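Everything on this sheet refers to the single structure shown next.
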Protein chains: 4
Amino acid sequence: MTDDHIRSTTKDNGLIEKRQNQIIKAAIALFKEKGFHKTTTREIAQKSGFSIGTLYEYIRTKEEILFLVCDSIYEQVHQRLEATIDFKQPSIESLKTVIELYFRLMDEIQDEVVIMYQEVKSLEEDDRRYVLEKERDMISMLKWVIVSCVPAKITAKHAELLANNIFIQGQMWGFRRWALHKQFTLEEYIDTQLFYLMKAMDIE
Amino acid sequence: MTDDHIRSTTKDNGLIEKRQNQIIKAAIALFKEKGFHKTTTREIAQKSGFSIGTLYEYIRTKEEILFLVCDSIYEQVHQRLEATIDFKQPSIESLKTVIELYFRLMDEIQDEVVIMYQEVKSLEEDDRRYVLEKERDMISMLKWVIVSCVPAKITAKHAELLANNIFIQGQMWGFRRWALHKQFTLEEYIDTQLFYLMKAMDIE
Amino acid sequence: MTDDHIRSTTKDNGLIEKRQNQIIKAAIALFKEKGFHKTTTREIAQKSGFSIGTLYEYIRTKEEILFLVCDSIYEQVHQRLEATIDFKQPSIESLKTVIELYFRLMDEIQDEVVIMYQEVKSLEEDDRRYVLEKERDMISMLKWVIVSCVPAKITAKHAELLANNIFIQGQMWGFRRWALHKQFTLEEYIDTQLFYLMKAMDIE
Amino acid sequence: MTDDHIRSTTKDNGLIEKRQNQIIKAAIALFKEKGFHKTTTREIAQKSGFSIGTLYEYIRTKEEILFLVCDSIYEQVHQRLEATIDFKQPSIESLKTVIELYFRLMDEIQDEVVIMYQEVKSLEEDDRRYVLEKERDMISMLKWVIVSCVPAKITAKHAELLANNIFIQGQMWGFRRWALHKQFTLEEYIDTQLFYLMKAMDIE
DNA sequence: CATGAATGAGGGTTCATTCAT
DNA sequence: TATGAATGAACCCTCATTCAT
């Protein structure tokens, strides 16, 4: 059983990307609302603005949609983080900036974060590994920032833990919003978390 | 979702509880392995040791099984935590003990934690609210411990945040095990997290 | 991906057989009318007298229905042939009897023969091989009858060819009925084919 | 199904024929490999060397492709047979030649024969009748050769049967190749079949 | 003439749930 | 109480066919 099906008869790569973005956008909206499993491919097609047949010209399986969604989210986060980090001149200031940006980003893409958090496990082995790899990259970036910006000596292990903490504190803002948003504005949340992180790293 | 969960057809309350516990145990094992959505009621019945017909004598819908599972998990955590907290004599020591116990507990019931974390959203509105209520209780307990045990003045808001942080750091140990267990033993994890938490609370 | 699905929850073997026979009967009627590919599983279920869900309690895939059909047909032919052949006392008379019986059988189960002839290729590799094996058995039986009943010396090769010829002449009666039935009654067909076969084997 | 097969949109008859021949060739290759039903129009278009849109400029439905294929095969056989038959000087020699040629032809176009044999039933009523008509013609030719070449008196009925036998013996060589080719070379097959046919017709 | 993106009816299959025994 | 056969809504996906460019 080879893949000799003539699938996606579509040739135009620009169109493929455009359509896939429509799909991703529609899927995020729906997954957010009812989760991956309760969302049907027909709904995704409809929300994407085309027929079920057309949907399947641009994706192979429903699962691929989830992968596309996860991939696109991490890609986004990754790029934004990378663009902010100043690899040349590490400083406490830039450390704070990065963490703050990360928190703001998590706030901005709350829905996407929730989806990722809850649905990655629905990905098949390979896809999941691929996505988690990207996550690891992100944490490495945070870790690097910590190690290089903090004046006090921080072991790799400690930096690892702190990076992981920051990582999930960011996610928590989106993921546990019903618990947190009632008590904190985004500004307060960032300030307080930063306050304790700085303390932990012996800054100021 | 409260007492009306009890089937009308079935009388013997002892039996109900016994059967439901069989179901919960089977379901946890299955959900852990393949998730809620990919587990079938037939499988749960089989693993529970009785027929599909019998299964439906003790639960009304598949979703109710998930509720039962979530409820039982939180109940467990809640009880263990409550039993440990010394409401009479708050001290730094008891603070540490509670946090440590919580982390150890999360380690012990890793699989259950993962299930909860990923599947609560599959619960219907009412059930989800009920479960999250329990979660809020837990965090309140942590918050109370912080406020009453820490000598330094900590505002309610700060305590709230720290409680939330502890809460998810515990879950993270189970939830992100593929990332953390490679780098930390449980002891190291507890020690390091405690180290930074103490620092945050100006202890020692 | 193992077969750990809990399929056919049905335990009663007698029932399974009964239901499968219903399915086979319904399928034969439908395949005869519109062929395997144009027949839907829903139609088969309906003609079988139960719902689509029930159908799938007794078969795994649509293809399995085709296999069941093919298998049952050959089984039938095989048994009838075997019951007729007198392995103890080979004689010209018994040779004639066997051939005649075979032709009459082919007449009796015309529809089934047509199905087999046209649809075996739709079976998957393994199933097809299994079915063709049964066909080979049948031809072997015919060959054995020829070799042991005909007085004149007939080489194995010639017997093989004659057996194959008889085999398809029988099938042809069902398969090319639109061409033959207009010109021959079954009796005439049998007589004339037998006439030439006897000639070929130097009998009389 | 006759001249109205020609699309109205398309004018140039030479081009039509050229394209249809491309289609037929591609279709035969594909049908041989996976059968009519499992072959998609997209695959046929691709193998034909043009787009799916263009394919539909030259055929109206997928079924028509099957018709074209069947028609072309019979046309071929018909022409080859007709060219060989010496209608002027019937002789035993020419009888043998015709039969031999027919067997060789069946060997040559084995794949096509298999396709026809298995897929004619997928044709719609009208098309099927049209194709079977051609088959009848072929058998008539064989019958005519038998009647006119064989010295012994053979009734029309007997000739009819013999013609049918020859016809399917030829097809059998292609159709049951897995059974026959292991035991016979083409030469042996022809010789042996001829041997028995001659015997049947009292020749030599 | 040629293209290929778009369509959607329809097919195979699953599985939560019921109910007669 | 326990059972498991029966149900059918609903899901994912395919592919013949059309039509604007």
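Quantities reported herein were computed from a predicted structural model and do not represent experimental measurements. Chain A is the first sequence line, chain B the second, and so forth, proteins listed ahead of strands; every chain is numbered from 1.
Rounded to an integer number of Å, the gap from CZ of Phe50(B) to C1' of dG4(F) is 14 Å. Leu66(C) places its CG atom 13 Å from the P atom of dG12(E), with the value rounded to the nearest Å. Between the NZ atom of Lys62(C) and the P atom of dT14(E) there is a distance of 15 Å, rounded to whole Å. The interatomic distance linking Leu55(D) (CG) with dA2(E) (P) rounds to 12 Å, in whole Å. Rounded to a whole Å, the CD1 atom of Ile44(C) is 8 Å from the P atom of dG12(E). Between the CG atom of Leu30(D) and the P atom of dC15(F) there is a distance of 13 Å, rounded to whole Å. Distance His37(A) NE2 to dT14(E) P: 16 Å, rounded to the nearest Å. Between Gln20(A) atom CD and dA6(E) atom P there is a gap of 13 Å when expressed in whole angstrom units.
Across every strand in view, dG11(E) sits in a pair with dC12(F) that passes the Watson-Crick or G-U test at under 3.5 angstrom. With a cut-off of 3.5 Å on both Watson-Crick or G-U wobble distances, the partner of dC19(F) is given as dG4(E).
Salt-bridge formation is detected for the pair Glu125(A)/Arg129(A): a Lys NZ or Arg NE/NH1/NH2 atom is positioned less than 4.0 Å from an Asp or Glu carboxylate oxygen. A salt bridge links Glu75(A) with Lys134(A); the closest basic N to acidic carboxylate O contact falls under 4.0 Å. Between Arg19(C) and Glu57(C) there is no salt bridge, since no side-chain N of the basic residue sits under 4.0 Å from a carboxylate O of the acidic one.
Residues Leu132(A) and Tyr74(A) are not in side-chain contact: their nearest non-hydrogen atoms beyond the backbone lie 4.5 Å or more apart.
Listed pair Arg19(D) / dA2(E) meets the phosphate criterion, a side-chain N or O lying under 4.0 Å from OP1 or OP2. Using a 4.0 Å cut-off, some side-chain N or O of Thr41(B) falls inside it from OP1 or OP2 of dA16(E). Between Tyr56(B) and dG4(F) there is no side-chain N or O to OP1 or OP2 distance below 4.0 Å. In terms of phosphate contacts, Tyr58(A) brings a side-chain nitrogen or oxygen within less than 4.0 Å of OP1 or OP2 of dA6(E). OP1 or OP2 of dT7(F) has at least one side-chain nitrogen or oxygen of Ser51(C) nearer than 4.0 Å.
When the nucleotides dA6(E), dA2(F), dA6(F) are ranked by their closest atom to the side chain of Thr54(A), dA6(E) comes out on top. Checked against dA6(F), dA16(E), dG4(F), the side chain of Ile52(B) finds its nearest nucleotide in dG4(F). Of the candidate nucleotides dT3(E), dA6(F), dA2(E), dA2(E) has the atom lying nearest to any side-chain atom of Leu15(D).
With C1' as the reference atom, dC1(E) and dT21(F) are 13 Å apart, rounded to whole Å.
Checked by atom type and distance alone, the side chain of Gln118(A) never pairs as donor or acceptor with a backbone atom of Lys121(B) at under 3.5 Å. In this structure, the side chain of Lys62(D) engages the main chain of Thr39(D) through a donor-acceptor pair within 3.5 Å.
Not a single donor-acceptor pair, N or O on each side, falls under 3.5 Å between the base of dG11(E) and the side chain of Arg42(C).
Nearer the 5' end of DNA chain F, as judged by each residue's closest nucleotide, is the contact made by Gly53(B), out of Gly53(B) and Gly49(C).
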